[in-house]
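These notes concern the structure reproduced below.
Numbering of ligands and ligand atoms starts at 1, following listing order.
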Amino acid sequence: MRILVTGGAGYIGSHCCVELLSEGYQLVVVDSLVNSKPEALRRIRRITGRDLEFYRGDVGDRELLERVFSENRIDAVIHFAGLKAVGESVQVPLKYYRNNVCGTVALCEAMERHQIKRMVFSSSATVYGEPERCPISEDFPLEAKSPYGRTKLMIEQILGDLASSNRDFSLVILRYFNPIGAHESGLMGEDPNGIPNNLMPYITQVASGRLETLNVFGGDYDTPDGTPIRDYIHVVDLVKGHLKALDKATSSAGTFVYNLGTGRGYSVLEVIRAFEAATGVRIPYRIVDRRPGDVPVCYADPSKALRELGWRAERTLEDMCRDSWRWQTMNPMGYDDQD
Ligand code: NAD
Ligand code: WQD
């Protein structure tokens, strides 16, 4: 099978490419490199010893997509490409609507022209807004609280309408919780631009001395230690869920939605302690004001994915910390020093 992976040079997409190539799939990657580096593609080849087709460009570029679909017989699309910085999406919402929503519409139009009817889409737990309780199951009410989150919600709806309009279409929507960790080789991981927004990349940069102190956003939440709770999932477990989703898209028509999380929540302070225990490196931190938009508690009920896909996360928080740290120590400046 030949898979088009949009956003395949990014953090999750690159790990997914490794998994897919290792399982024998042929790959075509389209990525604009707006938030990634060509070195990530070289690392995919290095880890797997296999090659892939790469087109540098935007999924919103109709001519490019026409070329991609004419030159390659694609069986299914895994659609990772998108901008993902929640704070930035509040500052420049139109950039997010154009890139994420318009880009997806253009991709779907090209798929329709070429009669490609299988898609796996990267959605996010952010579509649950502030959940009334946890664990969160897929039938919870949806409410996005940022322009970024609204792009995910809109895309879910657009893809759902497309799938309903064609009884042969298979759509698998995956709602990720908090992906962290890195490939166990240490050759591939998350390489944020500038100062990281997310917890684990910030912790690893404090651990390596690149940043001084971790700011813990809020110590007065209604949680056991006062800091927010999230469902952190190892990126390799997460991408294995995509292979199961691909099987589903190949065997059944319709729309299917799954949470990809571990079902276990950890507070910010628990993550800091787990990182220190796994690596032996101390993380200096201070508790500061809450970050606007953060919800107190968010963790998945992942039982539907187990029941219907036969998938469950296997790696522990200790594995996630150890692998993130190996990536950071082996690549202190991320992929930057390679280009
Ligand atoms: P990432 O930024 O590392 O990867 C996204 C990739 O898509 C990048 O390589 C970027 O260059 C590319 N891209 C962006 N817009 C594009 C466009 N219009 N055309 C072509 N390429 C484009 O992000 P990631 O963490 O790997 O996330 C992948 C997907 O998963 C995104 O859709 C994101 O919204 C979603 N997601 C991520 C998280 C997370 O915490 N990382 C959580 C939930 C959902
Ligand atoms: C986790 C916890 C922070 C940084 C985001 C997106 C979500 C999804 C996953 C894409 C929170 C705290 C963080 C720091 C801190 N992405 N924190 N100091 O916000 O749960 O989810 O990524 O879809 O949509 O919102 O993840 O890693 O930013 O934060 O105290 O420097 O760590 O307050 O409690 P979040 P995160």
- In terms of the angle between their ring planes, are F69 and H114 parallel, tilted or perpendicular, with boundaries placed at 30° and 60°? parallel

- Message: Show me which atoms of ligand 1 lie under 4.0 Å from any heavy atom of V34.
- Response: 10 (C), 11 (O), 13 (N), 14 (C), 15 (N)

- At what distance is the nearest protein heavy atom to atom 7 (C) of ligand 2, and which residue and atom is it? S124 OG, 4.2 Å

- Query: Could an N or O of ligand 1 be found under 3.5 Å from any N or O of F177, whether backbone or side chain?
  - Reply: no

- Can you tell me which residue and heavy atom of the protein come closest to atom 18 (N) of ligand 2, and the distance to 0.1 Å? N215 O, 2.7 Å

- State whether the number of non-hydrogen atoms from other residues, nucleotides or ligands found under 6.0 Å of R73 atom CZ is greater than 12. no

- Item | N or O contact, G7 vs ligand 1, cut-off under 3.5 Å | no

- Message: Give me the nearest non-hydrogen protein atom to atom 25 (O) of ligand 1 as residue plus atom name, then the distance to 0.1 Å.
- Response: K84 NZ, 2.8 Å

- Side chain, backbone, both or neither: F217 near ligand 2, heavy atoms under 4.0 Å: both

- Can you list the ligand 1 atoms lying under 4.0 Å from a non-hydrogen atom of A9? 9 (O)

- Message: Just by distance, no angles: are the side chains of Y96 and E88 close enough, under 3.5 Å, to form a donor-acceptor pair?
- Response: yes

- Note on the structure: Counting from 1 in the order shown, the ligand 1 atoms closer than 4.0 Å to a non-hydrogen atom of S36 are 8 (C), 9 (O), 11 (O)

- Message: My understanding is that we take every heavy atom of each candidate and find the minimum distance to atom 12 (C) of ligand 1. Doing that for L174, N100, D31, which one comes out nearest?
- Response: D31

- Query: In terms of residue, atom name and distance, what is the protein heavy atom nearest to atom 12 (C) of ligand 2?
  - Reply: V268 CG2, 3.8 Å

- Measure from NZ or CZ of K248 to the centre of the six-membered ring of F256 and say whether it is under 6.0 Å with the direction within 45° of the ring axis. yes

- Message: So if I count the atoms of ligand 1 from 1 in the order they appear, which ones are less than 4.0 Å from some heavy atom of F80?
- Response: 28 (C), 29 (C), 31 (C), 32 (O)

- Message: To check your reading of the model: name the closest protein heavy atom to atom 35 (P) of ligand 2, its residue, and the distance in Å.
- Response: N178 ND2, 3.5 Å

- Message: Checking Y128 against R175: is there a side-chain donor and acceptor pair closer than 3.5 Å?
- Response: yes

- Answer whether the closest heavy-atom distance between the side chains of T151 and P147 falls below 4.5 Å. no

- Side-chain donor or acceptor of T227 paired with backbone N/O of V268 under 3.5 Å: yes

- Query: Applying a 4.0 Å heavy-atom criterion (strictly less than), which segment of Y232 is in contact with ligand 2: side chain, backbone, both, or neither?
  - Reply: side chain

- Query: atom 24 (O) of ligand 2: which protein heavy atom is closest, and how many Å away?
  - Reply: T126 CB, 3.4 Å

- Just go through S122, P179, S123 and tell me whose heavy atom is the nearest to atom 44 (C) of ligand 1. S123

- Could you tell me which atoms of ligand 1, counted from 1 in the order shown, lie closer than 4.0 angstrom to a heavy atom of G57? 19 (N), 20 (C)

- Query: Considering only protein heavy atoms, which is closest to atom 6 (C) of ligand 2, and at what distance to one decimal place?
  - Reply: V86 CG2, 3.9 Å

- So for Y148 against ligand 2, with non-hydrogen atoms under 4.0 Å, the contacting part is side chain

- Considering only heavy atoms of Y202, which atoms of ligand 2 have at least one such atom less than 4.0 Å away? 31 (O)

- Query: Is the closest side-chain donor-acceptor distance between N193 and N35 under 3.5 Å?
  - Reply: yes

- Task: Could you tell me the residue and atom name of the protein heavy atom closest to atom 33 (O) of ligand 2, and the distance to it rounded to 0.1 Å?
- Result: D294 OD2, 2.6 Å

- Item | Of the listed options G13, G82, C102, closest to atom 5 (C) of ligand 1 (non-hydrogen atoms) | G82

- Lys NZ or Arg CZ of R56 over F54 ring: under 6.0 Å, within 45°: no

- Message: Any nitrogen or oxygen of K152 lying under 3.5 Å from a nitrogen or oxygen in ligand 1? Just yes or no.
- Response: yes

- Between the side chain of K304 and the main-chain N/O of V257, is any donor-acceptor distance below 3.5 Å? yes

- Which protein heavy atom lies closest to atom 19 (O) of ligand 2, and at what distance to 0.1 Å? R291 NH2, 2.9 Å

- Task: Going by heavy-atom distance to atom 11 (C) of ligand 2, choose the closest among K145, R230, R290.
- Result: R230

- Query: Using heavy atoms and a threshold below 4.0 Å, how should the contact between L199 and ligand 2 be classified: side chain, backbone, both, or neither?
  - Reply: both

- Task: Please could you name the atoms of ligand 1 that L33 approaches to less than 4.0 Å, counting only its heavy atoms?
- Result: 11 (O)

- Task: Between N198 and ligand 2, find which residue part has any heavy-atom pair under 4.0 Å and reply side chain, backbone, both or neither.
- Result: both

- Task: Would you check whether V59 has a nitrogen or oxygen atom less than 3.5 angstrom from a nitrogen or oxygen atom of ligand 1?
- Result: yes

- Hey, which atoms in ligand 1 end up nearer than 4.0 Å to a heavy atom of S124? 43 (C), 44 (C)

- Hey, can you tell me if H15 and H183 have their rings parallel, tilted or perpendicular (30° and 60° cut-offs)? tilted

